[in-house]
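Each remark here refers to the structure printed beneath this line.
Below, chains carry the letters A, B, ... as their sequence lines are ordered, and counting in each starts from 1.
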Number of protein chains: 2
Amino acid sequence: MEYVIGDDLLQQQGLKRTKLRMALLDCFLNTKHALSYPDIKQMLGEGVDRSTLYRNLAAFEEADIIHRIYDQSGVAKYAFGKVHDHGRDHAHFVCEQCETVYCMEKATTVDINVPKGFKTKTIQTIIRGICSDC
Amino acid sequence: MEYVIGDDLLQQQGLKRTKLRMALLDCFLNTKHALSYPDIKQMLGEGVDRSTLYRNLAAFEEADIIHRIYDQSGVAKYAFGKVHDHGRDHAHFVCEQCETVYCMEKATTVDINVPKGFKTKTIQTIIRGICSDC
DNA sequence: ATTTTAAATGCGACTGAGTTGCGTTTGTGA
DNA sequence: TCACAAACGCAACTCAGTCGCATTTAAAAT
């Protein structure tokens, strides 16, 4: 069943179905929180090649199958799903537990005093906390 | 408001006045934006030892002389001043041209409606635009 | 001014994240 | 089943950051 989802996802993006990619996809489909490289490596087993894994993470990201975020310590984490474009102002809620990113409407316009000479183009707000699932 | 010069800042924290520390302090006192390790290294010159520099950055951070932030690409940046109340009133301005990160005070508190079950802990705002230098 | 000493430095070695080039293997469509 | 681009595996590399240890130095005590 997950394999069906996986097949579709990969085929939609013109990505070949390799063992690693199916396994990698399973990681993301079966985990509700964002995964760091060590997390993924541990789930897939030691035999997985580092560069191949990174290349696939990049390919998945490129294909909007997963997205990458950096936590407060600057550690890269990967999670299923895509983050839509930061074109206009909007807010992201990042769960500190599962690192899931939720997009939400901003209730109030943010008013910031930027110093003279600074030109504001977009304002992005990141709310950190605990989501309803955790 | 009084401006504390380097000597006082270091002595207040029981830190010895070494050449590197004075120079490092100058970097932060004379720059209004956050600096990455390469930025600092370039300002101080090639002769500076890597581990000594990192140790001093850690010491300064410990002493609340500077604070560390990670930008959207997970790159560590250091800036003068201490971090305020867990980021609630903290905003970062990121210049789209020079990628420089400026720390600034928020004029208005952001008020976001998070869905039921979501618990907000910190709110961080990232403003993108063009800085006064660009 | 000299001695003392803990703190700071410089060096080398190390880990961990991430990238790149290249030769080999494999999935897929003809 | 064959051809070929795509994916893989490997080795080598860069860059960020850390640690242990021997040496130097700032600053307090003599």
Answer yes or no: does a side-chain N or O of [X] lie under 4.0 Å from OP1 or OP2 of [N]?
X       : N      : result
A:Arg55 : C:dT19 : no
B:Arg50 : D:dA16 : no
B:Ser51 : C:dG12 : no
A:Thr52 : D:dG9  : yes
A:Tyr54 : C:dT19 : no

Counting neighbours of CD on A:Glu62 that are heavy atoms of other residues, nucleotides or ligands and sit closer than 6.0 Å, is the number greater than 12? no
Neighbour count above 12 (heavy atom, 6.0 Å) for B:Gln42 CD: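 Open: at most 12 neighbouring heavy atoms sit under 6.0 Å from CD of B:Gln42.
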Atom-pair distance ([atom1] on [X]; [atom2] on [N]), nearest Å:
X       : N      : atom1 : atom2 : result
A:Gln13 : D:dA7  : CD    : C1'   : 17 Å
B:Asn56 : D:dA16 : CG    : P     : 18 Å
A:Leu53 : C:dA17 : CG    : P     : 11 Å
B:Lys19 : C:dA7  : NZ    : C1'   : 18 Å
B:Asp39 : D:dA16 : CG    : C1'   : 14 Å
A:Met22 : C:dT26 : CE    : P     : 17 Å
B:Asp49 : D:dC21 : CG    : P     : 17 Å
B:Leu57 : C:dA8  : CG    : P     : 14 Å

Centroid-to-centroid, A:Tyr78 to A:Phe60, below 6.0 Å? no
Quick check on the 6.0 Å ring-centre criterion: do B:Phe93 and A:Phe118 meet it? yes
Closest-nucleotide ordering on DNA chain D, the 5'-leading residue of A:Leu15 and B:Pro38: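 With B:Pro38 and A:Leu15 compared, the 5'-side residue is A:Leu15.
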Find which nucleotide of DNA chain D each of B:Tyr37 and B:Lys16 is nearest to by heavy atoms, and output the residue with the more 5' nucleotide. B:Tyr37
Is the ring pair A:Tyr54/A:Tyr37 parallel, tilted or perpendicular, if the boundaries are 30 and 60 degrees?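 Rings of A:Tyr54 and A:Tyr37: parallel, as their planes differ by under 30°.
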So what does B:Ala59 touch, heavy atoms closer than 4.0 Å: a base, only the sugar-phosphate, or nothing?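 Answer is nothing: B:Ala59 stays at 4.0 Å or more from every strand.
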